[in-house]
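Notes follow once the structure below has been shown.
Just so it is clear, the model here is predicted, and its values are computed rather than measured.
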Amino acid sequence: MSGRTDVLIVNAFTSDGAGGNPAGVVLEADRYGAADKQAIAAAVGLSETAFVSASEVATLKLEFFTPTRQIAHCGHATIATFGILGAMGRLADGLHTKETIDGTRQVWVEGARAAMQQLAPRYGDVAAAPVLEALGAPPGTVDPRFRPVRVDTGNGFILVGLESARALAALTPDMPRLAALSEVHDLVGVYAFSTDAGPGFDATARMFAPRYGITEEAATGMAAGPLAALLHDRGDPRAAFAIEQGRFMARPSPSRLDARLILESAAIASVSVAGTAKLVQARSVSWRIAA
């Protein structure tokens, strides 16, 4: 089977109108099956493509596909979808919901800006040495407050803090080893960060997800939520954090992710991550399901 499909290319988590992480957005996707969506996502070639369908339980149904497989949630594709629909006037400002394969989540819309709900963080222990070796991070560069830990607010990530932005920029990740590590711990990817961030940011980060066909991406909303939770739970009393990502990519695309924690009796009840979407291009892609 083959066809042509119209796709909106939308940058999510832009910073002052620039940068951000591109996502494909396919509207009126009810007519496509899972194999079609996977083929379309591969043809689009971005880290994630969101497929928008009608929902009986939410404002809309969202399904997310990387070039190689489906993923339960995607932060930047959620922001891209709701932000561009808000900017187009197809969604009113206010509270909305998205239906996913992993349940329903809230999304707040204000024009081209959107904020998505994530769950309370769940933590899991991981051995540090395999993570640091796979990242190409010498042990001496690790911030002792933030040794590797698995954190999940809807998708699983290993987070590890480095002592400086320079150490973050110098990482030499081994993608096959990161992919194997991600399989063992059921991760989307590994999120390395440093609190040695530039003006206006609380942390700067990099995300590697070779298990899902993503070498490195410019903004990861589903990892920014866990990072905000980790910063809070390791001693920072604040409930809001500005996170930069994308600055150290081979082709830099600086992004801004604003994470906010919803606290109940000092414990994190849920997380929201907000960002701004910008339409980059509307194009048509040809796709084909391999026989």
Side-chain angles (χ1 to χ4, degrees), residues 10-23 25 47-48 50 52 58-60 62 64 73-98 100 104-121 151 153-155 157 159 188 191 193 197-205 207 217-232 236 238-247 253-264 268-280:
V10 183
N11 280 11
F13 297 114
T14 57
S15 182
D16 295 326
N21 192 13
V25 179
S47 58
E48 279 95 4
V52 185
T59 305
L60 50 83
L62 276 186
F64 306 105
H73 295 284
C74 175
H76 86 277
T78 295
I79 298 302
T81 300
F82 280 86
I84 201 60
L85 290 176
M88 295 166 64
R90 296 182 59 167
L91 286 179
D93 287 358
L95 178 62
H96 295 274
T97 52
K98 68 172 182 177
T100 73
T104 301
R105 303 282 189 273
Q106 294 180 331
V107 182
W108 294 263
V109 172
E110 185 178 354
R113 188 167 175 82
M116 60 176 186
Q117 178 193 37
Q118 298 176 26
L119 304 176
V151 192
T153 62
N155 287 340
F157 293 88
L159 272 60
V188 170
Y191 203 52
F193 69 94
F201 292 100
D202 300 300
T204 183
M207 203 287 284
E217 69 174 3
T220 313
M222 291 301 298
L227 175 52
L230 182 67
L231 293 173
H232 178 274
D236 193 320
R238 293 175 297 165
F241 298 88
I243 297 165
E244 177 195 51
Q245 191 178 330
R247 175 155 60 104
S253 184
S255 304
R256 181 184 179 96
L257 305 96
D258 292 302
R260 181 171 295 277
L261 308 176
I262 292 80
L263 303 175
E264 295 181 0
I268 300 172
S270 63
V271 181
S272 73
V273 177
T276 303
K278 181 179 180 180
L279 179 64
V280 176

With side chain to side chain donor-acceptor pair (under 3.5 Å) as the rule and sequence neighbours excluded, what pairs involving residues 107-120 come up? R113-D258, R113-T276, Q118-T153
So, taking the atom named [atom1] in [X] and the one named [atom2] in [Y], what distance separates them when rounded to the nearest 0.5 Å?
{"X": "L85", "Y": "H96", "atom1": "CG", "atom2": "NE2", "result": "9.5 Å"}
{"X": "L60", "Y": "F82", "atom1": "CG", "atom2": "CZ", "result": "4.0 Å"}
{"X": "R247", "Y": "S15", "atom1": "CZ", "atom2": "OG", "result": "11.0 Å"}
{"X": "M88", "Y": "L279", "atom1": "CE", "atom2": "CG", "result": "8.0 Å"}
{"X": "L231", "Y": "D236", "atom1": "CG", "atom2": "CG", "result": "6.5 Å"}
{"X": "I243", "Y": "Y191", "atom1": "CD1", "atom2": "OH", "result": "5.5 Å"}

Closest non-hydrogen atom pair, [X] against [Y]:
{"X": "L230", "Y": "L159", "answer": "CD2-CD2, 3.9 Å"}
{"X": "A269", "Y": "E264", "answer": "CB-CD, 3.6 Å"}
{"X": "A259", "Y": "A224", "answer": "CB-O, 4.1 Å"}
{"X": "S253", "Y": "G20", "answer": "OG-O, 2.7 Å"}
{"X": "A197", "Y": "T204", "answer": "CB-N, 3.8 Å"}
{"X": "M222", "Y": "F157", "answer": "O-CE1, 3.1 Å"}

Does [X] reach the main-chain N or O of [Y] with its side chain, forming a donor-acceptor pair under 3.5 Å?
{"X": "Q245", "Y": "T220", "value": "yes"}
{"X": "T100", "Y": "L62", "value": "no"}
{"X": "K278", "Y": "G17", "value": "yes"}
{"X": "E244", "Y": "P199", "value": "no"}

Quick one: do H76 and E217 satisfy side chain to side chain contact (heavy atoms under 4.5 Å, CB included)? Show the steps, please. CA-CA 10 Å; H76 86 277; E217 69 174 3; 3.7 Å; yes
Between [Y] and [X], is there a side-chain heavy-atom distance shorter than 4.5 Å?
{"X": "L119", "Y": "R105", "value": "yes"}
{"X": "S270", "Y": "Q106", "value": "no"}
{"X": "V271", "Y": "I262", "value": "no"}
{"X": "F241", "Y": "L227", "value": "no"}

How about CZ on R90, more than 12 heavy atoms from neighbouring residues, nucleotides or ligands closer than 6.0 Å, or not? no
Taking only residues two or more places apart in sequence, or in another chain, which ones meet A219 in a side chain to side chain contact (heavy atoms under 4.5 Å, CB included)? F13, N21, S255, L257
Check the pair K98, T81 against side chain to side chain contact (heavy atoms under 4.5 Å, CB included), reporting the backbone distance first and the verdict last. CA-CA 10 Å; K98 68 172 182 177; T81 300; over 6 Å; no
